[in-house]
Amino acid sequence: MAHPWHHAVSSARKHGGAPDDYLMIHEWFDASKAHHGDFRHRALRHHTLGVFECEREFGVTLTTSEGRTVPVRWIAEQHVTEDLGFVPSVSQWLSAVEPEPWMMRSRRLSRDVAEAEVRS
Ligand SMILES: [Zn+2]
């Protein structure tokens with residue numbers, strides 16, 4: 001599994017500048033590893049929605065230490081592609097989840113909530 005630093009070195013080789021110019025983006029992608037220690041952490045950001053969330057987080061472009069403007073989406077897609085070989089959709093990840101009974105459970109709302117709904 002590639003470390004964020006190695007992704008950053010790859011970004012610098014591809015787009016110029018220094019690895020530190022890109023490190024925060026790659027750390028953002030892999031931050032979910034703090035919550036799930038194996039490859040499944042990737043289900044939280046390594047997909048099409050994650051690429052666009054990354055752009056929202058870091059802006060449309062970044063400026064390298066050499067003054068070059070690089071689209072953040074290119075860096076995001078590079079990260080996901082280096083890890084998975086392509087950029088999957090969220091639906092592809094969710095379709096791979098094995099359904100458990102608790103996921104499909106539907107519970108009645110408490111009486112107070114149900115009455116409030118009727119009044120509004
Ligand atoms: Zn990753």
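Hydrogens, waters and symmetry mates play no part in the numbers below; they use all other heavy atoms, side chains included. Both ligands and their constituent atoms are indexed starting at 1 by order of listing. The structure displayed is predicted, hence computed values, not measured ones.
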- Are L62 and V9 in one and the same hydrophobic cluster, where Ile, Leu, Val, Met, Phe, Trp and Tyr link if side-chain heavy atoms are under 4.5 Å apart? no
- H46 NE2 to D30 OD1 via the Zn ion (ligand 1), rounded to 10°, gives 90°
- Message: How about CH2 on W74, more than 12 heavy atoms from neighbouring residues, nucleotides or ligands closer than 6.0 Å, or not?
- Response: no
- Whether E55 side chain and V72 backbone form a donor-acceptor pair below 3.5 Å: no
- Just wondering, is there an N, O or S atom on H26 that's nearer than 2.8 Å to the Zn ion (ligand 1)? no
- Angle, NE2 of H79 through the Zn ion (ligand 1) to OD2 of D83 - 10° precision: 100°
- N, O or S atom of E82 closer to the Zn ion (ligand 1) than 2.8 Å: no
- Kindly work out whether a path of hydrophobic side-chain contacts (I/L/V/M/F/W/Y, heavy atoms less than 4.5 Å apart) joins F58 to W5. no
